[in-house]
Amino acid sequence: MIVAFSLVPSGGRASREDGGVADAVAAAVRVVRDSGLPNHTSSMFTEIEGSWDEVMDIVKRATEAVAQYGTRVSLVLKADIRPGRTGEMTAKLERLQGELDKQHN
């Protein structure tokens with residue numbers, strides 16, 4: 001499965017003086033990267049690929065890391081659940097690029 005998720009702390013010391021939450025987001029991304037599972041972080045979401053149990057464990061641990069920065073955490077999560085499939089984070093993009101190339105020709 002692939003999960004795209006975003007975490008944002010609020011309350012307490014959630015945001016820095018400039019309103020940013022980069023330190024809290026960095027704590028979550030560190031959990032994801034240290035997991036060893038395939039992942040990608042963009043400006044809005046972090047994607048991670050693995051089994052249901054693996055991915056949800058990482059999301060939980062990332063949420064706990066962000067919780068240290070505030071009294072509340074907002075989690076947005078979207079999942080693509082396809083049992084038996086692996087490598088879909090890159091395979092989906094390759095299929096998309098193939099279609100774009102076909103349409104361009």
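No experiment lies behind these values; they were computed from the predicted model shown.
- Separating the CD1 atom in Ile2 from the CD1 atom in Ile81 is a distance of 11.0 Å, to the nearest 0.5 Å.
- Leu77 and Val29 fall into different hydrophobic clusters, defined by Ile, Leu, Val, Met, Phe, Trp and Tyr side-chain heavy atoms under 4.5 Å apart, directly or through other members.
- To the nearest 0.5 Å, atom CD of residue Gln97 and atom OG1 of residue Thr90 are 13.5 Å apart.
- To the nearest 0.5 Å, the span separating CG on Asp101 from CD on Glu99 amounts to 9.5 Å.
- The closest side-chain heavy-atom distance from Val25 to Val66 is not below 4.5 Å.
- The backbone N or O of Gly87 lies less than 3.5 Å from a partner atom in the side chain of Glu49, making a donor-acceptor pair.
- Side-chain contacts under 4.5 Å among hydrophobic residues (ILVMFWY), followed directly or transitively, place Met44 together with Phe45, Val76.
- In this structure, Thr63 OG1 and Met56 CE are separated by 10.0 Å, a value rounded to the nearest 0.5 Å.
- Atom-to-atom distance recorded for Met89:CE and Ile48:CD1 is 8.5 Å, nearest 0.5 angstrom.
- Residue Gly70 comes nearest to Pro9 through the heavy atom pair N-CB, 4.3 Å, listed as atom of the first residue, atom of the second, then distance.
- Nearest heavy-atom pair, Ala27 versus Ala65, reported as atom, atom and distance to 0.1 Å: O-CB, 4.0 Å.
- Smallest separation of non-hydrogen atoms from Val55 and Gly50: CG2-N, 3.4 Å.
- Partner of Ile58 under the side-chain contact (heavy atoms from CB on, under 4.5 Å) criterion, out of Asp34, Leu37, Asn39, Val3: Leu37 alone.
- Nearest approach of Thr71 to Gly11, heavy atoms of both residues: OG1-CA, 3.4 Å.
- Put simply, the side chain of Tyr69 does not reach to within 4.5 Å of the side chain of Val21, judged on heavy atoms.
- Residues that satisfy the side-chain contact (heavy atoms from CB on, under 4.5 Å) test with Ser51, not counting sequence neighbours, are Asp53, Glu54.
- Both Val32 and Val73 are members of a single hydrophobic cluster when ILVMFWY side chains are connected at heavy-atom separations under 4.5 Å.
- Scored by the side-chain contact (heavy atoms from CB on, under 4.5 Å) test, Arg85 finds Arg82, Glu88, Arg95 as partners (sequence neighbours excluded).
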